[in-house]
Every structure is written in C-alpha cells, then in structure tokens.
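What you are looking at is a predicted structure, and each value in this text was computed from that prediction instead of being measured. Ligands are counted one by one from 1 in listed order, and the atoms in each one are counted from 1 as well.
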Amino acid sequence: MTLTLTNTLTRSKQPFESLEPGKVRIYCCGVTVYDYCHLGHGRSYIAWDTLRRYLQWQGYQVRYVQNFTDIDDKILNRARETGSTMEAVAEKYTQTYFEDMARLNVLEADEYPRATHTLNGILRLIHELETKGYAYASEGDVYYQVRQFKDYGKLSGRKFDEMQAGASGRVAESAEESKKKDPFDFALWKGAKPDEPSWESPWGKGRPGWHIECSAMVRDCLGETIDIHCGGADLVFPHHENEVAQSEAVTGQPLANYWLHNGFVTVNGEKMSKSLGNFTTIRDLLDSENGPEPMALRLFVLQAQYRKPIDFTPEAIASAQRSWNTLKEGLSFGYKQGQTWGWDAQQARSEDLNPESVANFNRAMDDDLNTSGALAVLFELAKGLNREQNRLIHEGKTAVDPEQLYRQWYTLVSLSQVLGLEVENETPSASEGSQLSDEEIEAAIAARQAARKAKNFAEADRLRDDLQNQGITLIDQPGGLTQWHRHIH
Ligand SMILES: Nc1ncnc2c1ncn2[C@@H]1O[C@H](COP(=O)(O)OP(=O)(O)OP(=O)(O)O)[C@@H](O)[C@H]1O
Ligand SMILES: [Zn+2]
C-alpha cells in the first residue's frame with residue numbers, strides 16, 4: 001500500500017514519493033497574525049498536523065515549516081484601531097495562535113519563520129527576479145510581470161481571460177494600478193507610506209508583498225524544491241500561483257512536488273471568514289458553557305476528509321462530543337483498569353498492535369487521508385473495550401481475555417495518537433498530580449494532621465483541596481488514619 005494524495009497541481013490523486021528516501025519536507029502557509037484563530041484556521045492546521053503525524057507513523061522523518069505573516073495591511077489596520085503597533089498586534093496573536101493550537105494538540109512546527117525576520121531572503125529573491133527580467137521597479141514599488149512567466153496559471157488552472165473577468169473593475173481605480181504595466185502584475189515590494197513600518201531596500205524604503213515572503217521562507221528554510229506545500233483552498237489563487245511564479249522563475253525548479261489544499265469550514269454553506277463576520281473563534285467555542293472538549297473539536301474536523309467542506313452547526317459539535325465520549329471511554333478504560341492488570345502503553349512493543357486494525361486504518365489513511373474511514377477503525381476498537389468495561393463492572397469479569405483486550409487498547413491508543421486524539425490532553429491537572437511522589441503526598445497528609453490537631457481546620461482543608469486539585473483524594477479512616485488514592489484519568 002502506498003499513500004496517495006490529491007495534488008492540486010496535477011488535479012489527480014497521485015502516489016506519494018518523497019524527494020529523499022525516508023524524509024519529507026513540508027511547508028504550510030501560516031496565519032496572518034491580527035486576530036484570534038477561528039474554526040476554519042483550526043481545521044487547516046489540524047488537517048496538516050494529521051498529515052505530518054501520519055507520515056511519521058509511516059516511518060518518515062518529517063521537517064515541517066510554517067510561517068507567521070507579521071507584515072500586512074490587516075495587522076496595520078488592527079494596530080490603528082487599537083492604538084497599538086504592528087509588532088505588538090503580531091506578537092499578541094502569535095502567542096494566542098500557540099495557545100489555541102496546543103489545546104487542539106497540533107504539534108509545533110520545526111521552524112516558524114516570520115516575514116519580519118526574512119527580509120534578506122525576500123530582497124535577494126526580488127533582486128534575482130529583476131535581474132532575470134521577471135520584475136520591474138515602478139515609483140518605489142516593485143512588480144512581478146506575470147506574462148513573462150510562461151507557466152502562469154498552471155497550479156490553479158486559470159487562463160488569463162478568466163482571470164481578467166474576475167479582476168476587472170474592482171482594481172481599476174487604485175493608485176497601485178497606474179504603476180503596473182499589466183493589471184495581472186502583482187506587488188513584490190511596496191514603497192513606504194507615511195506612518196507605516198518600512199525597511200531599507202535597493203528600491204527605496206518599503207515593505208514586502210504577501211506572496212514573496214512564502215517563496216523566500218521556503219527557500220531559506222527548506223531549499224529550492226520541497227515535497228509538500230499546503231494551505232487552505234482559498235490560497236490556490238492567487239497566493240500559491242504567485243509563489244510558483246516567483247520561485248520557479250528564479251530557480252528553474254519546481255517549488256513543490258505536491259500541492260495540497262484543505263476544504264473550508266462553512267456556516268450555512270458559506271466559508272467561515274473574518275470578512276463575512278460569520279466566524280467563531282476556537283477559544284470562544286472551547287470556553288463557552290457546555291462547549292466541546294478540545295479533542296471533540298479535533299474529532300469534529302477529522303470526521304470529514306480534509307478536502308471536503310464541513311458545515312459548522314451546534315448539533316454537529318454536540319454529535320462530535322458524543323463520539324469523543326465513546327473514544328475517550330475506550331482510551332480511559334486501559335488507563336484505569338490497566339493499573340490493576342499492569343498495562344503500560346509506554347512499555348508496549350509494536351508486536352502488541354492488532355495487525356488487522358492497523359491495516360484497515362492505514363488503508364483508509366493511504367487513500368488521500370480518509371480520516372473518517374480511519375476513525376471508524378477507532379470506534380470499533382473503543383466500542384469493544386467499552387462493552388468489556390461494562391461486563392467487568394456488572395459481572396465482575398470480561399468475556400475477552402485481558403491479554404487480547406490489552407492489544408485492542410494499545411492499538412486504540414496508538415492509532416488515536418496518529419490522529420492527534422489523546423486523553424492526556426484533556427486532564428492537565430491529572431498529569432501534574434501524577435508527578436507528586438508518594439513521599440510528598442505522605443508529607444502533605446502529615447501536615448494536614450498536624451493542622452487538625454492544632455484546630456487549624458482552614459489550613460487542613462486547604463491542604464486537602466490542594467491535593468485534590470493534583471488528582472489525589474484523601475479518605476479519612478476511623479481511628480484518625482488517612483488513606484489516599486491517585487486518580488488515573
Ligand atoms: N473557513 C476556513 N476553512 C478552512 N480553512 C480556512 C478557513 N479560513 C481560513 N482558512 C485557512 O487558514 C489559513 C490561514 O488563513 P489566513 O490567516 O490567511 O486567514 P485570514 O485571511 O485571516 O482569515 P479569513 O479567511 O477569515 O479572513 C489559510 O491556509 C486559510 O486558507
Ligand atoms: Zn503562503
């Protein structure tokens with residue numbers, strides 16, 4: 001079995017082959033940092049995080065780079081509206097990006113280049129484009145001359161006459177238009193405007209255009225040709241088309257062998273977006289009363305294959321939460337009951353994996369990352385475990401041999417992890433709790449007993465609550481002895 005992926009460039013599902021055996025280089029277009037991330041952003045980064053995890057599961061060494069666009073009109077506008085600076089706005093929403101994605105169990109990239117840190121690479125590329133006749137300076141700006149690049153349109157499949165139909169009218173009046181030789185040309189460098197941040201360049205002070213930053217970052221961080229370039233479907237044109245035009249004109253090499261694009265999170269069939277005002281931020285949803293758990297939200301995204309649209313409705317979120325409860329129950333069973341039976345996911349060997357489940361999971365994922373098919377494998381495993389859990393509670397024993405249950409559970413834990421679904425993520429306090437040593441717990445119990453003797457009940461209660469918050473329950477026995485119990489979630 002080989003992994004097949006739908007390549008936007010060839011408009012077909014293709015077997016995946018990496019440039020270098022065993023290694024994959026991925027560049028993913030990151031957020032423009034001017035606001036909190038909404039569910040659409042969440043979907044995009046969960047999809048690519050899952051691709052990365054699956055490649056790792058298949059034994060590839062993956063190098064994953066994702067940028068932050070920290071120079072942009074949207075950031076400048078937000079800074080003006082809030083009386084702040086572009087740097088402060090960008091810094092704030094870079095941090096909130098990290099917070100939100102950590103909750104969704106999106107792994108951190110190997111490198112996070114930022115436009116403001118890539119100016120040298122950007123200027124070098126523009127200079128090379130100018131030298132090779134693809135770019136021209138005009139009144140402090142520099143433009144890419146689209147018609148010079150014979151393959152322009154190859155990624156999006158657009159022809160010039162179709163593009164013209166879309167672009168005419170709207171752009172005609174702008175000051176930028178009068179500086180261009182052709183309406184299709186786009187800015188590589190924009191001359192400085194008063195009160196805006198700017199950088200020195202051979203064409204005068206100014207700032208880079210959006211598209212050139214990604215071309216420069218790919219080249220700086222990953223090289224001239226990479227394996228996979230990904231992003232949302234709205235980036236195919238013009239952003240990725242322009243990246244191809246910029247990079248390939250300079251290097252003469254393909255920028256990326258595979259171009260992957262995720263479908264949208266929609267609301268009533270329309271793309272969730274800032275400009276339409278129909279968005280829900282990740283944090284608002286997770287922090288709302290009766291909001292879903294982070295893993296339920298991740299599951300909501302993974303229920304659809306990455307290219308398909310997902311409509312966001314409260315019912316769909318509630319249903320994802322119910323599905324997550326089923327998976328969570330199966331995962332937790334092994335963590336709880338496994339204590340008694342001596343199960344340990346850390347100690348497991350790959351021979352403990354159930355080969356049939358693994359084969360079914362891989363078959364689904366190899367088919368253009370069919371996560372909904374992969375989830376079906378997880379539900380089957382979880383349901384089997386949950387059934388046995390009930391038997392154990394009501395009948396005192398399981399029907400399936402614990403050794404076999406262990407394999408089911410370990411397979412469930414492993415495959416869930418490939419999709420980034422983990423129970424530990426739900427219970428940060430429990431994992432902190434498990435770090436308290438027995439001696440520390442005994443010492444806290446002794447301190448509590450001393451406080452009670454001294455009739456300092458407030459302190460005694462505080463000590464008990466403190467332990468409880470760290471996952472340790474105290475059980476006072478007749479005769480003054482206190483037992484304790486560590487929670488395993
Ligand atoms: N509704 C959505 N569904 C799926 N992916 C999305 C959605 N909205 C944005 N994305 C993707 O998220 C990534 C980051 O987007 P970016 O920061 O450019 O968005 P934005 O312009 O701030 O958002 P918006 O589209 O809401 O104005 C891009 O790959 C983009 O395609
Ligand atoms: Zn980009």
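The local environment of NE2 in His239 is crowded, with over 12 non-hydrogen atoms from other residues, nucleotides or ligands closer than 6.0 Å. For NZ of Lys132, the number of neighbouring non-hydrogen atoms (other residues, nucleotides, ligands) closer than 6.0 Å is greater than 12. Counting non-hydrogen atoms of neighbouring residues, nucleotides and ligands closer than 6.0 angstrom, the CG atom of Asp287 exceeds 12 such neighbours. Counting non-hydrogen atoms of neighbouring residues, nucleotides and ligands closer than 6.0 angstrom, the CD atom of Glu356 reaches no more than 12 such neighbours. Dense packing is recorded around CD of Gln95, with more than 12 heavy atoms of other residues, nucleotides or ligands lying under 6.0 Å away.
Those atoms of ligand 1 with a heavy atom of Ser273 less than 4.0 angstrom away are 24 (P), 25 (O), 26 (O). Short contacts between ligand 1 and Phe264, defined as distances under 4.0 Å to a heavy atom of the residue, involve ligand atoms 2 (C), 3 (N), 4 (C). Atoms of ligand 1 lying under 4.0 Å from any heavy atom of Tyr34, numbered from 1 in the order shown and given with element: 22 (O), 27 (O). Atoms of ligand 1 found under 4.0 Å from any heavy atom of Val31, numbered from 1 in the order shown, are 14 (C), 17 (O). Counting atoms of ligand 1 from 1 in the listed order, those under 4.0 Å from a heavy atom of Asn262 are 4 (C), 5 (N).
Nearest protein neighbour of atom 29 (O) of ligand 1, counting heavy atoms only, is Gly232 N, 2.9 Å. Looking from atom 26 (O) of ligand 1 to the surrounding protein, the closest heavy atom is Lys274 N, 2.6 Å. Scanning all protein heavy atoms for the shortest distance to atom 28 (C) of ligand 1 gives Leu235 CD1, 3.9 Å. In this structure, the protein non-hydrogen atom closest to atom 14 (C) of ligand 1 is Tyr45 OH, 3.3 Å. Closest to atom 2 (C) of ligand 1, if we only count protein heavy atoms, is Gly40 CA, 3.3 Å. Annotation: atom 17 (O) of ligand 1 to nearest protein heavy atom, Thr32 N, 2.9 Å. Looking at atom 3 (N) of ligand 1, its nearest protein heavy atom turns out to be Val265 N, 2.8 Å.
At least one N or O atom of Lys74 sits closer than 3.5 Å to an N or O atom of ligand 1. The shortest N/O to N/O separation between Asp234 and ligand 1 falls below 3.5 Å. The N/O atoms of Lys271, backbone and side chain alike, include one that comes under 3.5 Å of an N/O atom in ligand 1. Looking at Arg43 next to ligand 1, no N or O pair under 3.5 Å apart turns up.
Under a 4.0 angstrom heavy-atom cut-off, Cys28 registers as lying outside contact with ligand 1. Not a single heavy atom of His261 lies less than 4.0 angstrom from ligand 1. Judged by the shortest distance from any of its heavy atoms, Phe279 lies outside the 4.0 Å radius around the atoms of ligand 1.
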For a quick test of your reading: what N or O donor-acceptor pairs under 3.5 Å do the side chains of residues 27-36 make, sequence neighbours left out?
residue : atom : partner : partner atom : Å
Tyr27   : OH   : Asn67   : OD1          : 3.3
Asp35   : OD2  : Arg78   : NH2          : 3.3

Show me the donor-acceptor pairs, under 3.5 Å and distance only, between side chains in residues 113-121 and residues at least two apart or in other chains.
residue : atom : partner : partner atom : Å
Thr116  : OG1  : Asp70   : OD2          : 2.6
Thr118  : OG1  : Arg114  : O            : 2.6

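Under the 4.5 Å side-chain criterion, counting only non-hydrogen atoms from C-beta, Glu130 is not in contact with Trp189. Side chains of Leu327 and Leu412 form a contact here, defined as non-hydrogen atoms less than 4.5 Å apart.
The aromatic ring centroids of Tyr306 and Trp48 lie less than 6.0 Å from each other. For Phe186 and His211, the distance between ring centers is under 6.0 angstrom. In this structure, Phe16 has its ring center at least 6.0 angstrom away from the ring center of Tyr54.
Taking the side chain to side chain donor-acceptor pair (under 3.5 Å) definition, one finds that Arg283 meets it with Glu99, Asp100, sequence neighbours left out.
The Zn ion (ligand 2) has Cys29 SG, Cys214 SG, His239 NE2 as its protein N, O or S neighbours under 2.8 Å.
Note: Trp409 and Tyr335 have perpendicular aromatic rings, judged against thresholds of 30 and 60 degrees for the angle between ring planes.
Of all the heavy atoms in Phe279 and Lys274, the pair that sits closest is CD2-CA, 3.8 Å.
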**Q.** Pair Thr8-His261, side chain to side chain donor-acceptor pair (under 3.5 Å): steps then yes or no
**A.** CA-CA 7 Å; Thr8 306; His261 293 98; 2.7 Å; yes

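Counting heavy atoms only, His41 comes closest to atom 16 (P) of ligand 1 of the residues Met272, His41, His239.
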